[in-house]
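Working notes, structure below.
Counting from 1, the numbers follow the sequence of the chain as shown. Indexing begins at 1, ligand by ligand and atom by atom, following the structure's order.
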Amino acid sequence: MVHGHSFGSFVHQFFCLQSMSIFENNLNFAKQLDSKDPLALYRQQFLIPTHNGSDVLYFTGNSLGLQPKGALDALKQECDDWAKWGVEGHFNSKNPWYSYHEMFAEGASKLVGALTTEVVMMNQLTVNLHLLLTTFYRPQGKRKKILFETKPFPSDQYAFESHATIHNLTSEEVLVEMQPRAGELTLRTEDIVKKIEELGEELALVCFGAVNYFTGQFFDLKTITEAAHKQGAYAGFDLAHTAGNIPLELHKWNVDFACWCTYKYLNSGPGSVAGAFINQKHTKNTELPRLAGWWGNKKETRFKMLPNFDPMETVEAWQLSNSPVFNMAIHKVTLDMFTEAGMDNLRKKSEHLTAYLEYILSEVEKNSGQVLQVITPKNKEERGAQLSVIVEGRDKNLIKHLAENGVFVDWREPNVIRLAPVPLYNTFEDIYQLGQILTQVFASK
Ligand SMILES: *Cc1c(COP(=O)(O)O)cnc(C)c1O
């Protein structure tokens, strides 16, 4: 496998050259891009579902990433160690379960741009969001509002509502959904900042999906965090559609907290373990309220089984339970791949895949007459690996016809398809072929 600095600069050169070229809608052109792609070999490390004997065109890696071939061996290792050692496996297994979560600190810190003491793998996404809200949503007096993006993922909104209830507040008193300008579907950074200023002393927390699951818009986390802090509010982000998609600098941007799942771009399997980030300035503050569990207690005293909680001074203090080793075993396989490939390299390829998809969609529109309105921002700084497209006059049957042709895309009511070309395993040829099938389906149905 390829490594290190020379690899990075090779990727850079390759994609800089590509960005000057003009895209073409033909198979040879797509194959040529693939043949020069320095990350192309990663595809071979995944199991790709098949349809009539060929690989499907998989554009739903933003919903559930594909299975890495190493997953089964990783699970078997833990099962074998369990069989061999029983309870002694906590210390004697190849990857001791007692400190299992510590194996992720390095990789997760690179993934989201954090210190190793600021990231931990634990629980699942919505659980982590609740744990973080317990600490960081502390309404006081008139400071009680939570600002979030338009059309958030419902689970996040339910979480905000339940914390309002816990504090004896109503949703109306707490929830503020940032609305786009009339006739627009995505948000402008300047408007978000203005809204934060308007809310001023009433604002307790800004909590956005860093990439909105519906529109694919990536927000300016640094600017939003700065604006929130200026008003004395916290800023936290749900990275479900961002981790493994776009390089982040959570620590540098001074973000207070974040959480993410690992089954979307991170390919760790359905319901796999999730991540949490808490800025170092907070992890050392043992006064912060939190829901405590024994795995957050200092290691030295954990097994003294004392009645008083003595929290660690890292984000690990927010852990409740011992590690879900079987989920984590698969996550280790995929996180190592991200560390090796490098988020910056993946991002470079991703920008080109998404740009090629945008071009191919314009070709489909031209050749089939079907109106396709891309609602994801055109500016590459404001998007990752996903394009959300309004397909006027179509219904859910479209997805059925595409599936019959071996194409996996995702449908959101009333008429939006979401397409995610994932740099670890999607190819330029996938995108070209998608264009052919879309044109055919739109022309015939
Ligand atoms: C996928 C997703 C979820 C799902 O939550 P789980 O707890 O993993 O089931 C929640 N929030 C956002 C923003 C998501 O994209």
> For Ser155 and ligand 1, does the shortest N/O to N/O distance drop below 3.5 Å?
Replying inline: no
> Will you find, in the side chains of Asp256 and His282, an N or O donor that is under 3.5 Å from an N or O acceptor?
Replying inline: yes
>> Under a 4.0 angstrom heavy-atom cut-off, which atoms of ligand 1 come close to Tyr263?
In response: 1 (C), 4 (C), 5 (O), 6 (P), 8 (O), 9 (O)
>> Could you identify the single nearest non-hydrogen protein atom to atom 11 (N) of ligand 1 and state the distance to 0.1 Å?
In response: Asp156 OD1, 2.8 Å
> For residues 246-255, which residue pairs qualify under side-chain hydrogen bond (donor to acceptor under 3.5 Å, both in side chains), counting only residues two or more places apart or in two chains?
Replying inline: Glu118-His251, Asn254-Lys281
> Taking it one step at a time, do Met122 and Ser323 satisfy side-chain contact (heavy atoms from CB on, under 4.5 Å)?
Replying inline: CA-CA 7 Å; Met122 59 184 192; Ser323 295; over 6 Å; no
> Quick one: does ligand 1 sit under 4.0 Å from the side chain of Thr126, the backbone, both or neither, non-hydrogen atoms only?
Replying inline: both
> Hey, is His241 one of the residues with a heavy atom under 4.0 angstrom from ligand 1?
Replying inline: yes
>> Show the atoms of ligand 1 that are less than 4.0 angstrom away from any heavy atom in Ala240.
In response: 2 (C), 12 (C), 13 (C), 14 (C), 15 (O)
> Around atom NZ of Lys230, are there more than 12 heavy atoms of other residues, nucleotides or ligands at under 6.0 Å?
Replying inline: no
>> Ignoring hydrogens and geometry beyond distance, is a side-chain donor-acceptor pair present between Glu382 and Asn379 at under 3.5 Å?
In response: yes
>> At less than 4.0 angstrom from any non-hydrogen atom of Lys264, what atoms of ligand 1 do you find?
In response: 1 (C), 2 (C), 3 (C), 14 (C), 15 (O)
>> I'd like to know if Lys195 and Asp191 make a salt bridge, using a cut-off of under 4.0 Å between side-chain N and carboxylate O.
In response: no
